[in-house]
There are 2 protein chains.
Amino acid sequence: MAVRQRDPKSTRSALLDAAADLFAKRGFDGTTIDAIAKQARVNKAMISYHFGGKRGLYGALLSEILTNMAARLEAVRAWDAPPEQRMVAFIAAFREVVRVQPVAPQIMLREVISGGRHVDRKILPNFLAIFTVLQGILEQGTREGKFRPVNPVLTQIGLVGSLMFFFATETFRKRIVREIGVDAGSMDAEDYIRHWRDMMLGGLAVRPVAGFPVPVDSGPSQGDE
Amino acid sequence: MAVRQRDPKSTRSALLDAAADLFAKRGFDGTTIDAIAKQARVNKAMISYHFGGKRGLYGALLSEILTNMAARLEAVRAWDAPPEQRMVAFIAAFREVVRVQPVAPQIMLREVISGGRHVDRKILPNFLAIFTVLQGILEQGTREGKFRPVNPVLTQIGLVGSLMFFFATETFRKRIVREIGVDAGSMDAEDYIRHWRDMMLGGLAVRPVAGFPVPVDSGPSQGDE
DNA sequence: ACACATCAACCAACCGGTTGATTCAACCAA
DNA sequence: TTGGTTGAATCAACCGGTTGGTTGATGTGT
């Protein structure tokens, strides 16, 4: 058997990388510690030794993702620029988060769908930090007459939801294209970011445009369930 | 012990209801068949007997959700109206899907995050059906000069993502409000639908508005990883 | 010499599914 | 109408495999 390599930093890093990949693909419950250890090429006892077990490893990963995300968006908070540009920068910063940590959307999405059952109370403020960056941009936009007034929470949910959804569903989209043959056009991340930048700025624009707002019809008749 | 109740329709219905609730909350791997059977008040052997096992039960549930969703949006396809109103109706129809089946967003989101590993090839066309409804609305809008040209796939991803994200994260949002005390304002579903209706129509509007399109700045300087 | 990191093997609990027995509703011939 | 049969539905108990975590031994760097 190979000589033992003794390098705790490298062991921890390998475990976090393997955990990131597998938790993103299969979720917390769908991932075994045997699978993580095997992919990390490390003895599975190291998970208990270094992280306190499966939940500890997952918590460490989650914390890393959230603090990295909050830190990156923090740069946008401090930036003194017109609100449209800050909005664009917010979206771009989000993109950078994903470039640096491609597993973040999948892991974060699973977590919030489950009600945050693995989210330690200590890292909840990161969510608030992210929210207040966007809130500040929206307030500045309204104050400067560039954005119409909107509910910042609903705007945040919609924006973050659409961004995370895009990145988290890449594998599934590729399957749809392959098995059904949709003419998808570009599904490039940069195109998506550009698209949603335009949608957001258009959606926040102050003056009414042609056909907006639209008088609401009741829509096609539908049976109740 | 109580007399045996013999009612296969009721048994299947109870199992599907319990499965819907638990799969939405905990995901496929995080839900045990013991938990499903207990909540349905049914012997767990019934899962194998009626559905062929855990995966069969989950597949039946997924199929029910997707065909219901596709059918409801189908009504919008057939509706002859201006594109703005059809877009509004599309969003409203989506809302109705969730009203009728509150577990749909969580289950669908988990599934597409995992690359659709439990999605049978047979029900994939439902995704295409949903996509082509929106594609038709966008094409009509462009043709009639009401919408600017956009990539329908990217628009679909963004819209569906933001809608599903909202509904799927209700539990988590409530936790955030409770534990951090965000002044969230309204997080009512109807307010959200109205909000995203306005965002979508504004984002699709044809004529440039003040401040749009915005010249792109490089944003605040950020370290590369 | 010692503390830390690592290992192979082990363990109790859990899991999805199966099994043989039992119950029961529908059916049928007398 | 009645008694017997039959197949479907249901049950409690069981099973082999898997799981997260532990353990005592071993190797290694300071």
Side-chain angles (χ1 to χ4, degrees), chain A residues 1-62 107 110-111 114 117-120, chain B residues 1-62 107 110-111 114 117-120:
Chain A
M1 162 230 298
V3 71
R4 280 186 192 182
Q5 191 178 5
R6 187 189 158 126
D7 187 344
K9 246 187 192 178
S10 170
T11 297
R12 278 193 288 272
S13 182
L15 283 172
L16 279 165
D17 287 349
D21 180 63
L22 293 173
F23 284 141
K25 283 169 175 162
R26 305 178 192 168
F28 181 85
D29 296 301
T31 299
T32 67
I33 61 173
D34 275 320
I36 295 171
K38 188 176 180 182
Q39 183 161 317
R41 298 187 204 283
V42 149
N43 189 272
K44 77 173 192 174
M46 294 298 91
I47 295 174
S48 284
Y49 184 85
H50 287 284
F51 294 96
K54 189 180 183 185
R55 268 182 168 264
L57 174 58
Y58 185 79
L61 178 64
L62 214 54
I107 292 177
R110 291 183 191 285
E111 205 43 50
S114 297
R117 54 198 265 242
H118 300 110
V119 176
D120 189 67
Chain B
M1 165 226 299
V3 71
R4 282 185 191 180
Q5 192 180 3
R6 185 186 158 125
D7 185 346
K9 248 185 189 177
S10 170
T11 297
R12 280 194 286 272
S13 182
L15 284 171
L16 279 164
D17 288 349
D21 181 63
L22 294 172
F23 283 140
K25 282 169 174 162
R26 306 178 192 169
F28 182 85
D29 296 302
T31 299
T32 68
I33 61 172
D34 275 320
I36 296 171
K38 189 175 180 180
Q39 182 161 318
R41 298 186 202 283
V42 151
N43 189 272
K44 76 172 194 174
M46 294 298 91
I47 295 172
S48 284
Y49 184 85
H50 285 285
F51 293 96
K54 188 181 184 184
R55 271 182 166 260
L57 174 59
Y58 185 80
L61 178 63
L62 214 53
I107 293 178
R110 289 182 190 287
E111 204 44 49
S114 298
R117 53 198 265 241
H118 300 111
V119 175
D120 190 66

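Letters A, B, ... mirror the listed sequences (proteins, then strands); counts begin at 1. The figures that follow rest on heavy atoms only: side chains count, while hydrogens, waters and symmetry mates do not.
- Rounding to whole angstrom units, CD1 of residue B:Ile33 and C1' of D:dC14 are separated by 13 Å.
- What separates CD of B:Gln5 from P of D:dT10 is a distance of 9 Å, to the nearest Å.
- Looking at heavy atoms from C-beta onward, A:Tyr49 lies out of side-chain contact with A:Asn43 at the 4.5 angstrom threshold.
- Here the nucleotide nearest the side chain of B:Arg6, chosen from D:dT26, D:dG7, D:dC11, is D:dG7.
- Separation of atoms CZ (B:Arg12) and CG (B:Asp7) is listed at 9.0 Å; rounding is to 0.5 Å.
- As rounded to whole Å, 11 Å separates atom P of D:dT10 from atom CZ of B:Phe51.
- Side chain A:Asp7 to base C:dA5: no donor-acceptor pair is found below 3.5 Å.
- In the set D:dG20, C:dT18, D:dA25, D:dA25 carries the atom at the smallest distance from any side-chain atom of A:Arg4.
- Sequence order on DNA chain C of the closest nucleotides to B:Ile47 and A:Lys9 puts A:Lys9 first from the 5' end.
- Taking atom CG on A:Asp29 and atom C1' on D:dT18, their separation rounds to 14 Å, with Å as the unit.
- We find that CG of A:Asp34 is positioned 13 Å from C1' of C:dA8, with the value rounded to whole Å.
- In this structure C:dA12 sits in a base pair with D:dT19, meeting the Watson-Crick or G-U test at under 3.5 Å.
- Taking atom CZ on B:Arg12 and atom P on D:dT10, their separation rounds to 8 Å, with Å as the unit.
- A sub-4.0 Å separation between OP1 or OP2 of D:dT10 and a side-chain N or O of B:His50 is present.
- Atom CG of A:Leu15 sits about 6.5 Å away from atom CG of A:Leu57, to the nearest 0.5 Å.
- One interatomic measurement links the two molecules: NZ of A:Lys38 to C1' of C:dC7, which rounds to 17 Å at whole-angstrom precision.
- For the OP1/OP2 pair of D:dT10 and a distance below 4.0 Å, the side-chain nitrogens and oxygens of B:Thr11 include at least one atom meeting the criterion.
- Backbone-only engagement by A:Thr31 is indicated by non-hydrogen atom pairs under 4.0 Å involving sugar-phosphate atoms exclusively.
- Going from atom CG of A:Leu61 over to atom CD of A:Glu111 covers 10.0 Å, rounded to the nearest 0.5 Å.
- The aromatic rings of B:Phe28 and B:Phe23 lie parallel to each other, their planes meeting at an angle below 30°, with 60° marking the opposite boundary.
- Between the NZ atom of A:Lys54 and the P atom of D:dG21 there is a distance of 8 Å, rounded to whole Å.
- Ranking D:dA9, D:dG27, C:dC4 by closeness to the B:Pro8 side chain, first place goes to D:dA9.
- Side-chain proximity of A:Thr32 to C:dA5, D:dT10, D:dT19: nearest is D:dT19.
- Minimum atom distance to the side chain of A:Tyr49 is reached by C:dA5, of the listed C:dA5, D:dT10, D:dT22.
- Other residues, nucleotides and ligands contribute more than 12 heavy atoms inside 6.0 Å of the CZ atom of B:Arg117.
- An OP1 or OP2 oxygen of C:dA8 is reached within less than 4.0 angstrom by a side-chain nitrogen or oxygen of A:Asn43.
- If you check distances only, the side chain of A:Lys44 does reach the base of D:dG20 with a donor-acceptor pair under 3.5 Å.
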